[in-house]
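The structure appears right after this line, and notes come after that.
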Amino acid sequence: MALRHYTLDFKLSAPADCTSTVHGLQSIFQEQEMTETVHDTEGHGHLSTFVGKKGRFVVLRVHAHGLVTVDVQCYEGDDTAQVDNLLNALETKLENLLRGSITRIKRLPVLDRGAAVDRYWPTADGRMIEYDIDHVLYDKDSAYQNIKILHSQQFGNILVLNGDINLGESDLAYTQAIMGSGRENYEGKEILILGGGDGGILAETVKLKPKMITMHLHIDQAVIDCCRQHMRKTCGDVLDSLTGECYQVLVEDCVPVLKKYVEEGRTFDYVINDLTAVPISTAPEEDSTWEFLRLILDLSIKVMRPSGKYFTQGNCANLTEALSLYEEQLEKLSSPVDFSKEVVCVPSYMELWVFYSVWKK
């Protein structure tokens with residue numbers, strides 16, 4: 001059973017009088033038959049907790065610096081009308097008690113904690129987003145990662161890997177951006193796709209009449225299998241078979257294959273890297289990701305024809321430091337390159353995303 005969490009905040013121009021504020025609210029809690037416990041804050045305002053019927057729990061805090069907060073918790077099966085009445089009564093009473101010093105009143109939407117369907121996912125820059133997710137279609141651990149397919153009323157089915165939103169059925173803008181946003185001529189060209197297990201890039205490039213597409217899905221067949229079933233608005237029928245008239249999908253680690261291509265002198269007109277985003281920091285836990293990114297980047301440029309292009313995602317547009325670090329890597333490649341970048345709104349990400357186009361000088 002989920003817990004529902006309600007929040008009511010009063011921002012004040014000056015600290016509230018703790019004694020009169022708390023005393024003025026006590027009749028409301030008494031009517032709700034809630035038992036009060038006062039906690040020692042060591043001079044930092046006032047803190048009371050109230051416990052009532054059906055496990056209802058209220059935290060009242062009068063902060064010393066000019067903020068009054070009320071948090072109400074109840075179980076999912078509780079009477080929502082009664083809880084709303086409690087919040088309405090508290091809000092009305094506090095408006096009267098604090099009249100003249102209120103600068104802002106904020107009542108946040110209810111937060112469902114521990115629900116069967118998780119609706120809360122962070123953006124790349126650490127902001128919390130509540131999605132309209134109403135159903136979990138797929139949730140399994142492969143040999144390499146946790147794979148989820150969630151259904152959103154706005155964005156369709158969404159692929160989530162290890163807790164990161166990867167792609168929604170709404171996100172054609174992502175696929176188009178990582179292919180050059182319609183500015184490239186793929187007809188008769190040889191294309192190498194790294195990653196892309198959702199099948200979106202493959203499905204869109206097949207439409208453009210290339211000579212051959214070679215796609216390496218970084219070793220996880222389970223991603224292909226679940227996307228084939230649950231992301232068909234994105235992949236169409238291209239994942240029904242790992243080979244087609246103008247494409248082949250190789251489910252294997254792309255690094256040794258790229259190294260082999262370099263040794264053989266095999267080259268491509270386009271290399272599209274959809275393996276991983278730019279790491280968000282240079283902290284030690286990110287070092288291996290940066291090393292992997294640098295390796296893929298260097299190998300990709302080596303298998304790219306002189307007139308070819310390399311496309312990849314960057315990260316959230318707000319992560320300017322991480323993106324700058326990535327651009328520094330471009331300047332350190334063994335083959336000199338130029339690059340451009342494009343900022344695109346990806347619907348299911350609910351944030352702006354940066355994409356890179358790289359070519360040899």
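- Under the 4.0 Å criterion applied to side-chain N and carboxylate O atoms, Lys209 and Glu187 are not assigned as salt-bridge partners.
- Phe292 and Leu333 end up in the same hydrophobic cluster when Ile, Leu, Val, Met, Phe, Trp and Tyr side chains are linked at under 4.5 Å.
- For Lys341 and Glu327, the salt-bridge test passes: some basic side-chain N is under 4.0 Å from an acidic carboxylate O.
- Contact detail for Phe155 and Met350: the closest heavy-atom pair is CE1-CE, 3.5 Å.
- Across all non-hydrogen atoms, the minimal contact from Ala16 to Thr21 is CB-OG1, 3.9 Å.
- Look at Glu33 and Lys53 and you find a salt bridge, because one of the NZ, NE, NH1 or NH2 atoms lies within 4.0 Å of a carboxylate O, short of that distance.
- Among Thr320, Asn315, Asn318, the single residue meeting the side-chain hydrogen bond (donor to acceptor under 3.5 Å, both in side chains) criterion with Asp125 is Asn318.
- The residues Asp78 and Arg56 are annotated as salt-bridged, a charged nitrogen and a carboxylate oxygen being separated by less than 4.0 angstrom.
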Evaluate salt bridge (charged side-chain N to carboxylate O under 4.0 Å, His left out) for Lys148 paired with Asp164, printing each intermediate quantity in order.
-> CA-CA 10 Å; Lys148 289 183 176 68; Asp164 289 330; over 6 Å; no
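- Shown here for Leu87 and Leu8, the closest heavy-atom pair between the two residues is O-CD2, 4.3 Å.
- Between Glu169 and Arg232, no side-chain nitrogen of the basic residue sits less than 4.0 Å from a carboxylate oxygen of the acidic one, so the salt-bridge criterion is not met.
- Salt-bridge check for Arg294 with Asp298: failed, with every basic side-chain N at 4.0 Å or more from each acidic carboxylate O.
- Residues Thr41 and His46 approach most closely at CG2-C, 4.1 Å, considering heavy atoms.
- Shown are Tyr247, Phe311, Tyr270; of these, the ring pair (Phe, Tyr, Trp, His ring centres under 6.0 Å) with Tyr186 is made only by Tyr270.
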